[in-house]
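Below is one structure, written out as structure tokens, with a few remarks after it.
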Amino acid sequence: MTMIVWLTRHLQTLVGTLGDLSRNPFSSILSISVIGIALALPGGMFAALENINKFTAEFEHGAKISLFLSPEVSIIHAKKLQQSLAQHGDIKHIEMITPDQAMEEFKLRSGLKDALNSLADNPLPVVLLAYPEDSVARSPEKLSDLINELGKLEPVELSQFDLEWIKRLTAFMELANRAVWVIAIILGLGVFLVIGNTIRLAIVNRQEEIRIIKLIGGTDSFVRRPFLYSGLLQGLFGGLLALLVIFLLFSFISRPASSLSSMYGISFGLDPLQLLPSLILVSSGALLGWLSARVTVGVYLRQFEPGKSQL
Amino acid sequence: MTMIVWLTRHLQTLVGTLGDLSRNPFSSILSISVIGIALALPGGMFAALENINKFTAEFEHGAKISLFLSPEVSIIHAKKLQQSLAQHGDIKHIEMITPDQAMEEFKLRSGLKDALNSLADNPLPVVLLAYPEDSVARSPEKLSDLINELGKLEPVELSQFDLEWIKRLTAFMELANRAVWVIAIILGLGVFLVIGNTIRLAIVNRQEEIRIIKLIGGTDSFVRRPFLYSGLLQGLFGGLLALLVIFLLFSFISRPASSLSSMYGISFGLDPLQLLPSLILVSSGALLGWLSARVTVGVYLRQFEPGKSQL
Amino acid sequence: MLIEFSNVTKRYPEGHEALRDVSFVIDKGEMVFLTGHSGAGKSTLLRLVTLIEYATRGQVIVNGQNLGRLKRPTLPYYRRQIGMVFQDHKLLHNLSVFDNVALPLIVSGFHPRDLRRRVHAALDKVGLLNRDRAKPITLSGGEQQRVGIARAVVNRPSLLVADEPTGNLDAGLSDEIFDLFHDFNYHGVTVLVATHDLRHIKRLGKRSLTLEDGRMIQQANTA
Amino acid sequence: MLIEFSNVTKRYPEGHEALRDVSFVIDKGEMVFLTGHSGAGKSTLLRLVTLIEYATRGQVIVNGQNLGRLKRPTLPYYRRQIGMVFQDHKLLHNLSVFDNVALPLIVSGFHPRDLRRRVHAALDKVGLLNRDRAKPITLSGGEQQRVGIARAVVNRPSLLVADEPTGNLDAGLSDEIFDLFHDFNYHGVTVLVATHDLRHIKRLGKRSLTLEDGRMIQQANTA
Ligand SMILES: Nc1ncnc2c1ncn2[C@@H]1O[C@H](COP(=O)(O)OP(=O)(O)OP(=O)(O)O)[C@@H](O)[C@H]1O
Ligand SMILES: Nc1ncnc2c1ncn2[C@@H]1O[C@H](COP(=O)(O)OP(=O)(O)OP(=O)(O)O)[C@@H](O)[C@H]1O
Ligand SMILES: [Mg+2]
Ligand SMILES: [Mg+2]
């Protein structure tokens, strides 16, 4: 068989399969919708996880260590310390809050304005706010090392960080991660089953055809080819549909999500899937389709061996 | 046809369909798994939503209004106020924090122990903590009414509530609710499609059989019956499988979830579905199965009318 | 049952005119053969009688009922009066021979008590009583055809319609089957059989209708 | 092709012995008829030659090749040498008549250039050249059988195996088909035909094998 004949055959099968799908629009749309929905969910989960990661990164970005200096430390002295700490490798950025600023904020926050106004002296110390580098903020160990290190500096009376919040975030992320993986695995299995099931029923449906083709000398690969293309195409279209569903889903959810995040003082827009993950989603749909067609056809072709095919 | 004959027929069909399902274990397991997974997700989502509601209820339980009394109000006077407010219909429970207790806590929290120790006088007022009834806590309007009402009491200088937190929670719940509904609708559609697809392929597969039965005088309802039973049974088994999947999923997630909630100081165990929702899940599976079988068979039966059945 | 065709034309959707202006009458209790070359329209004519297809023009009247006006829900009850034997057997391959033959009785709500006896009687008539538990796929071509015949007669129809019932049978068996039809006819059943086998027409001395390219060219008694 | 059965027994899984201790030889280029009552084992014998079934005991040798030892992957290539006509036609109902007949050529990677000519030649031989675009379901029973015959001869097999090829055809057409087979045989093709129609056996004067209940009871020339 020449190359041309071979190519012609494959192209014919491809076009023929496309034709079959479009000749049965009802059933094709059904199968592809099922596959699309089954693929959309792990894809959507993945996108959600990405967004959660981005969201927590925003938080890490805002992570800061408060350094309460001894009351006797002057503002000038504090400024020097600020400048030297700005050179520290683990610190991205450092800010100073004077006792007056601190008292103003404290009054506002505590609602004890009148009571505090009666204080003759401002008892509050100078506070430095150190923003750690992202790499440090992301690791609880490095962070507590930095906090200890800064706490040992001579003018610092207390170095404090809201570690509790980091712990909560970590626990939440662990929960989300687990849930996403469990669901993704279940749904991946679902896609495999759906496509396998569709192909299986297509085969059962075309048993007679397969039997006849084998009787007139068709090889296994000849019989298999249209099913493989059909699995591939269904998976591919299902993947594209999944992409569409994810985009719609995200656009539906993005309003409440951004209003939620604005409450945390973070400007945060939901991203749907990027190009690369989108490609991966679509091509894994196609691959899953091909693979489950291959497995199913393999199982069923054995029925058509001599002595098993009751004619 | 007597009642006995009618009953016998239905029983025979039921048993026959069960037999068909068990004679093709591979294909039955495939279909039922697909349906089970598709049902498990909205079911699981629903259970998750229930748990989130429970979780936020825990928070509402802890919602409290802080009443800062004027500095000149004595503790004895404050105690009287506490007793009278305890009778208020919107207040579940009321606590008092003396200026000394408040100062101790403030010292601990702020890390300004030394600075505050140097204060001669305790400038802090008496604070009453009012826990609103759950029905009030759940409604932002009723809550702000209560806050205003309490703020107008004579000895009260300031009535304060962390409204911000309630807003965040509400926004989060809105987000979660939307996501759950979107996903539940998509998946409900998915179940319908999966079962419809399975039945459709079963019909295509048994076209010849249907045609023959109609030729020898079978009525539409006779032809329909086994498909309806098959849809019903598949939906039912799919629903049971979904229940199992949800239980497994919850037991897998419950450890990290309870460690997360313990960080919020709440003892909170994940509940899988209760009896009633479980029954609803299983029976809606069965109903969906029956319904999509009905629709699909209806569409296909029209093909077997005279002049359309090419024999 | 009385069958009456008046100027019946049947055109298939693909544009082929399979029957052209066919008119004839078959009396109640008559036995009639239908002959003609391959593609002459024999099967098409039988399909009009059994309401598998509607006539494009003209009227088909069976037992006083104009089939073109038959209400959809009554179609199953109309068909239950007819026993049909098909060119390609049309057996259900997932049911046993017994169940295949029992199907017309089950479908019409026959009481299970007498079912067994009736089915066995029908299988006995075609010589397959000992194969009742076999699946049709395990039968030879001729055996399948005989199962189809047993199914057609099991509920004692008042009209028997058969399309080449003996195409796959040897001479001896095919004589037996035609004698069986003859016997039914003797007991009052109207019988209409399409066949190529002119031998039986001669042997039984019944009237025959001959089609050629969709036209009825002969209605004589060729015996 | 030379066909040799030595003490072949075929028992189906259901326990039925369809062939018992059958031995015979068909020479290369010979034309042989296979007869016997319904259920005698004719189709079963043909299934062993075409490797649809394996013999339970004994050897089937075709062209020097012991079929019991044929490797699985070479099975399609073995079958491509054989043209098969089936009792129930076995056409693909979603393909046109043309595509059905072209299938054996497509399957064996025949160059598309000559395909059209070959298919038309085969359809012409069975008198269906004008129906090449029709779907099999729109053909009459006899027309379908002829499509099956065209498909069997389209790739010029060296062995032609036919199972009741004329069960649904009238006498004239059935003579033509047998003459076609005879003509193939004349050009060197080995032909093996199962039939009830003793008329052709007499007419063509070829050897016939007769089965009865799975036993070979006669191998004589009955002409
Ligand atoms: N469903 C259909 N659609 C289109 N044309 C059809 C259909 N069924 C039959 N025909 C055509 O109508 C004509 C008559 O067909 P019919 O089956 O009635 O012939 P027949 O007399 O039964 O032939 P045979 O003896 O070969 O069975 C044929 O030419 C056939 O091709
Ligand atoms: N797949 C099968 N499984 C079990 N038994 C079978 C199978 N195929 C055929 N038989 C039995 O084997 C015997 C021979 O069948 P075969 O089909 O070879 O007969 P035949 O000579 O072709 O008959 P006919 O002329 O009726 O086609 C029959 O009794 C039949 O019931
Ligand atoms: Mg016909
Ligand atoms: Mg046979």
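- Contacts of C/L91 with chain B are made by backbone atoms alone, with heavy-atom separations under 4.5 Å and no side-chain atom involved.
- When all heavy atoms are compared, the tightest approach of C/R151 to B/I212 is NH1-CG2, 3.5 Å.
- More than 12 heavy atoms of other residues, nucleotides or ligands shown are found within 6.0 angstrom of CZ on C/R72.
- C/R79 and B/L215 get closest at one heavy-atom pair: CD-O, 3.2 Å.
- Of all the listed residues (C/L75, C/T50, C/I106), the one sharing the greatest number of non-hydrogen pairs under 4.5 Å with chain B is C/I106.
- Nearest heavy-atom pair across B/I216 and C/R80 is O-CG, 4.1 Å.
- Neither the backbone nor the side chain of C/N155 comes within less than 4.5 Å of any heavy atom in chain B.
- Residues B/E209 and C/H93 fail the side-chain proximity criterion, which asks for heavy atoms closer than 4.5 Å.
- Residue C/R118 qualifies as enclosed at atom CZ: its count of foreign heavy atoms under 6.0 Å is above 12.
- If you measure heavy-atom distances from C/S108 to chain B, the contacts under 4.5 Å come from the backbone alone.
- Summarising the geometry, atom CD1 belonging to C/I52 is positioned 10.0 Å from atom CZ belonging to B/R211; distances are rounded to the nearest 0.5 Å.
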